[in-house]
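Both backbone and side-chain heavy atoms feed into the values below; hydrogens, waters and symmetry mates do not. Throughout, protein chains are lettered first and strands after them, A, B, ... in sequence-line order, and every chain is numbered starting at 1.
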Amino acid sequence: MMTIVCHGDSLTEGSDLNKNYTWPRLRQSLYQDGRAEFAEASESLHPQAKGLAALAYMQGIRGQVESARLSALMRDLEIPLIPVLVSMEQAGIGVDLNAFSAFLDDVSAQLDELTRSIIAHAGEPFNIRSSQQLAAILFDKLDIKEGGKTATGQRSTANQVLEGIRGRHPIVEDILEYRMLEKLRSTYLEPLPKLVDEGSRLHTHFNQLATTTGRLSSSRPNLQNIPIRGKYGPRMRACFTAGPGNLLAAADYSQIELRVLAHFSKDPALLDAFRNDEDIHTRTAALLTDKPSRDVQPDERRNAKTINFGLIYGMGPQKLARELDITVNQAKEFTERYFEKLTTLKAYYDTIVKDAESNGFVTTLAGRHRLLPELHSRNNQMASQAKRQAVNTVIQGSAADIIKMAMVAAHKDKELAALGARVILQVHDELIVEAPEASISAAGERLKAIMQTTADLDVPLKVDLGIGKNWADAH
DNA sequence: CGAAGACCT
DNA sequence: CAGCCAGGTCTTCGA
């Protein structure tokens, strides 16, 4: 079920470790992320055996693990997580095939109509899915002024560009609509129903070794990128259901990354906001504008949200300027003002980078490491990117640690088991649990309690809970 | 197989 | 003067 890929190198069944993956490279990988040792173990075995096999495999390389000081992370988090993932993969999530089918019919009909309309506007048939052909139609034939270039210098036809030239020609609107519907058809509506089992359930593969930060990834099919926004997001999510007699509960960590940031940085403003359960974006806006929270305007809150979100990624003034539609200089002032108000936060950022530079790696809450050799690059752009990665990895990776701890705790929880509940999906800051109708409420509340108490931070962890027959209703 | 694009947190 | 924020998966095109 689970193909393990380690930093791009596939470990195939029966492969000789020394042949396909040299020891220095493995040690490096272990040291970096502490998750490589069950790669070999998981691969060739039935999923049920994955956990045990990983442990057995562990024995052979314990020395390496301990020398990397990663045994606790492995022993207490990653290895216990394996049977949890196996259970989630085997459980799968219910799919409403009739809803899928009706949805596909609607989308196909609209795509046919849009294709006719677009070809008519263009005056000649062409492949709408080809960005090259589309650019030729838009920018040469129809003489619309181009809106931007791709990384390789081509004239971009990306959504963001098309949004900007929306009013100039009716074809643009049709193409945006076409793109959205074509994505739904080709990625979700057509492939997914082919993958369901006899019980109409869909089983993903949770990959424990795919990311550099410690997050999981999901593939074949990816159930971590099911549409939720846009005109058809809710309808898409409503196609994912609980089994007969069951309901779903969705438990979302609220602002977990900013809470992690508050915990590590000890910034008084952030700590205070979360301890008083205030709206963090409104609070930031109030700080920036020197107003009481109740006087913050919607656009001021939106700007604060962008900056709060952006600082998890180490957003620069250019990007901020574009996001907020202000000049770069204004953005610089905005950022400066932000860090003047949150001086402890600024100091913490500097500390992460300084420690990373001297250690060569950053460390997350659970003791996961990420090596960042590019921090010492003479290339400024590379070094800057590594700095952003350092900050982001500590935050994103620690949030990943926390939800993994919650998953392990939930899996062994007697109360959830007694309620007939099982966790079936994880989407980075969200867990989906399925249980019989009569016990779903208790199961949701129990899961919520586990998620809120599994890690002890300097700020409370907040979890939003929703219950419903399908994934849309559970939000 | 890389580029472009679109979906997610 | 340009510089465009972190982590993923999947589909399609075109060489």
From [atom1] of [X] over to [atom2] of [N], roughly how many Å is that when rounded to an integer?
X: A:Leu192; N: B:dC7; atom1: CG; atom2: C1'; answer: 12 Å
X: A:Glu163; N: B:dG5; atom1: CD; atom2: P; answer: 14 Å
X: A:Arg129; N: B:dA6; atom1: CZ; atom2: C1'; answer: 15 Å
X: A:Leu181; N: B:dC7; atom1: CG; atom2: P; answer: 10 Å
X: A:Leu176; N: B:dA6; atom1: CG; atom2: P; answer: 8 Å
X: A:Asn127; N: B:dG5; atom1: CG; atom2: P; answer: 14 Å
X: A:Gln154; N: B:dG2; atom1: CD; atom2: P; answer: 17 Å
X: A:Leu134; N: B:dA3; atom1: CG; atom2: C1'; answer: 15 Å

With a 4.0 Å cut-off on heavy atoms, is [X] in touch with a base, just the backbone sugar-phosphate, or nothing at all?
X: A:Glu430; value: nothing
X: A:Thr393; value: nothing
X: A:Arg229; value: base
X: A:Ile395; value: nothing
X: A:Arg185; value: sugar-phosphate
X: A:Leu184; value: nothing
X: A:Gln396; value: base

Given DNA chain C, 5'-ward residue of the pair A:Pro191 and A:Leu311, judged by closest heavy atom: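 Whichever sits nearer the 5' end wins; that is A:Leu311.
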Hey, which of these two, A:Thr187 or A:Lys149, hits DNA chain C nearer its 5' end, going by closest nucleotide?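 Looking at the nearest nucleotide for each, A:Lys149 comes out on the 5' side.
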Donor-acceptor pair, A:Arg237 side chain versus A:Ile226 backbone, under 3.5 Å?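 Yes; judged by distance alone, with no hydrogens or angles, the pair exists.
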Between the main-chain N or O of A:Ala91 and the side-chain N or O of A:Arg201, is there a donor-acceptor pair closer than 3.5 Å?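 A pair under 3.5 Å: yes.
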Step by step, work out the side-chain hydrogen bond (donor to acceptor under 3.5 Å, both in side chains) result for A:Tyr232 and A:Asp106. CA-CA 11 Å; A:Tyr232 294 109; A:Asp106 285 359; over 6 Å; no
Atom NZ of A:Lys305 with >12 non-hydrogen neighbours under 6.0 angstrom: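 It does not: A:Lys305 NZ has 12 such atoms or fewer within range.
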Hey, is CD on A:Glu124 packed in by over 12 heavy atoms from elsewhere, all under 6.0 Å?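 Result for CD/A:Glu124: enclosed.
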Could you tell me from which nucleotide to which nucleotide of DNA chain C, 5' to 3', there is an atom under 4.0 Å from chain A heavy atoms?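 Footprint of chain A along DNA chain C, 5' to 3': C:dG3 to C:dG14.
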SB check A:Glu182 A:Arg185 (cutoff 4.0 Å):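 So A:Glu182 pairs with A:Arg185 through a salt bridge.
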Under a 4.0 Å threshold between the charged nitrogen and the carboxylate oxygen, would A:Lys346 count as salt-bridged to A:Asp350?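 Judged by the 4.0 Å cut-off on N to carboxylate O distance, A:Asp350 and A:Lys346 do form a salt bridge.
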